[in-house]
Amino acid sequence: MKVYKPPMGWNSWNTFARNIDEKLIMESADTLVETGLADCGYNYIVIDDCWALKERDENGKLVPDPEKFPHGIKYVSDYIHSRGLKFGMYSCAGTLTCAGFPGSYQHEFDDAASFAKWGVDFLKYDYCFRPTTVPGDILYKRMSIALKNSGRDILFSACSWGADETREWIGETGSHMWRTTGDIWDNWESLKKLSKVGLENAKYGGISRFADMDMLIVGMCGNGNVGLGGCNFEEYKMHFSLWALLNSPLMIGCDIRNMSDETKQILMNKEVIAINQDEESNVPFNIKFTKVAAHKNDDIMLYAKMLSNGDYAIGAFNFSDDETNFWQTNFTTEKLGLDEATGKTLLMKDVWTNETETVKNGIIRLSLKPHTFKLFRAKVVDK
Ligand code: GLA
């Protein structure tokens, strides 16, 4: 059986938008390998929008822009594969892509054939310029069935921004991931907005189907296409931890050729990645907690996910902007199926600091300042 984990890799859009070419793509492939990112699991290199010419050829086929890709797409694809990586491309369910290049509407089987011929392993499929007469689920079914008949295994990444209740029908379309929101921006407000709908969507995911909270902004630091303001490194860690816990794909969006050590440390935290890539892709859930201090808003999140080896991943996130909204909470292991009678408790390991602590009397106590978080891997142990 073919089983996917949340895809990990790099996508050109967040930083480069239309400023892409074969040199950038091949250098980024080299960087994934040479920095050790590939060994951590980041194995897709995805060319987003703006790779094609504005017109199809006389046979109706998509044509790569010869200035950006002078040796064609297969050449880039072969290079990426020769580095042990996988190759992703982009198209759109409408007549045009979001940046105005040809979309695949009514060209689905032809375009799927081109992608297969070029050795594509991943297709991101956008939702701009779509006909109002055809429902979204049909548009995604068309391309999905075309890809599944293309003779090549191609991971299908739907990008309909959560519109038209995507999560209700996405499972019918055979897509492996679906975008839950509009585009991410590299700032705190955007992170907060996207995080708020994260869990509602993650519930609809499972084996080989993932709620895509959009490409990562870790390490963008205000640079590039979506670089509006930037975040500090604690906020980037929080972002990475939440995406990992909620089974979101982990597609890097910064310029990996110029990463700082801090960015690398975030992206390469193997324990966080292991929580994301867990074999069972179990559905994350909300833990009900007791309020200790007065909470002024609902910007606090406490989530857990059962892992395939019998551990739990537990994450607590304080998204409040009010400095006085210091969050203190108690919650009981009973909420995780570990009531008093089991004789068991949890050994909690903070996956960022490596500190460990055994839970006493079944009560987990946490206190978090605004814009901070905790992510634990918790092992079931005897009391
Ligand atoms: C949409 C998508 C983005 C990106 C651009 C490309 O906005 O949501 O992720 O692919 O289109 O034009």
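Treat the numbers as computed from the prediction; the structure is a model and nothing was measured. One-based numbering along the sequence shown. For ligands, and for the atoms within them, numbers begin at 1 and follow the listed sequence.
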Donor-acceptor pair, distance only, cut-off 3.5 Å: does the side chain of T333 make one with the backbone of L338?
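Side chain of T333 to backbone of L338: a pair is present.
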
Does ligand 1 have a heavy atom under 4.0 Å from the side chain of D126, from its backbone, from both, or from neither?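 For D126, the contact with ligand 1 is made by the side chain alone.
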
Practice item. Tell me which one of K124, R18, M215 gets a heavy atom nearest to atom 9 (O) of ligand 1. Key: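 Looking at heavy atoms only, the winner is K124.
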
So which of V46, N11, D183, D212 gets nearest to atom 7 (O) of ligand 1, if we judge by its closest heavy atom?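 Checking each option, the heavy atom nearest atom 7 (O) of ligand 1 is found in D183.
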
- Task: May I ask you to identify the nearest protein heavy atom to atom 4 (C) of ligand 1, giving residue, atom name and distance to one decimal place in Å?
- Result: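 Checking every protein heavy atom, the shortest distance to atom 4 (C) of ligand 1 gives D48 OD1, 3.5 Å.
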
| Which protein non-hydrogen atom lies closest to atom 12 (O) of ligand 1, naming both residue and atom, and how far is it? |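 Its nearest protein heavy-atom neighbour is D49 OD2, 2.7 Å.
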
Using a 4.0 Å cut-off to any heavy atom of [X], which atoms of ligand 1 qualify?
| X | result |
| --- | --- |
| C159 | 2 (C), 8 (O) |
| R179 | 8 (O), 9 (O) |
| Y90 | 6 (C), 10 (O), 11 (O), 12 (O) |

**Message:** What I'd like to find out is whether the side chain of Y44 reaches to under 4.5 Å of the side chain of P249, using heavy atoms alone.
**Reply:**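 Not touching, per the 4.5 Å side-chain cut-off.
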
(Q) Against the six-membered ring of F101, is K54 placed for a cation-pi contact (under 6.0 Å from the centre, within 45° of the normal)? (A)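 Yes - K54 lies over the ring of F101, closer than 6.0 Å to its centre and within 45° of its axis.
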
The test is ring pair (Phe, Tyr, Trp, His ring centres under 6.0 Å); show your working for Y90 and W51 and say whether it passes. CA-CA 8 Å; Y90 165 101; W51 58 268; 8.5 Å; no

query = N269 and K237: side-chain donor and acceptor closer than 3.5 Å?
reply =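 Judged by distance alone, the side chains do not pair up.
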
Quick one: do the Y236 and D186 side chains pair a donor with an acceptor below 3.5 Å?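 Judged by distance alone, the side chains do pair up.
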
Checklist entry - Has ligand 1 got any nitrogen or oxygen that is less than 3.5 angstrom from a nitrogen or oxygen of D214? => result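 There is no such contact.
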
Should the pair D111-R56 be classified as a salt bridge under the 4.0 Å nitrogen-to-oxygen rule?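 Yes, charged N to carboxylate O under 4.0 Å.
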
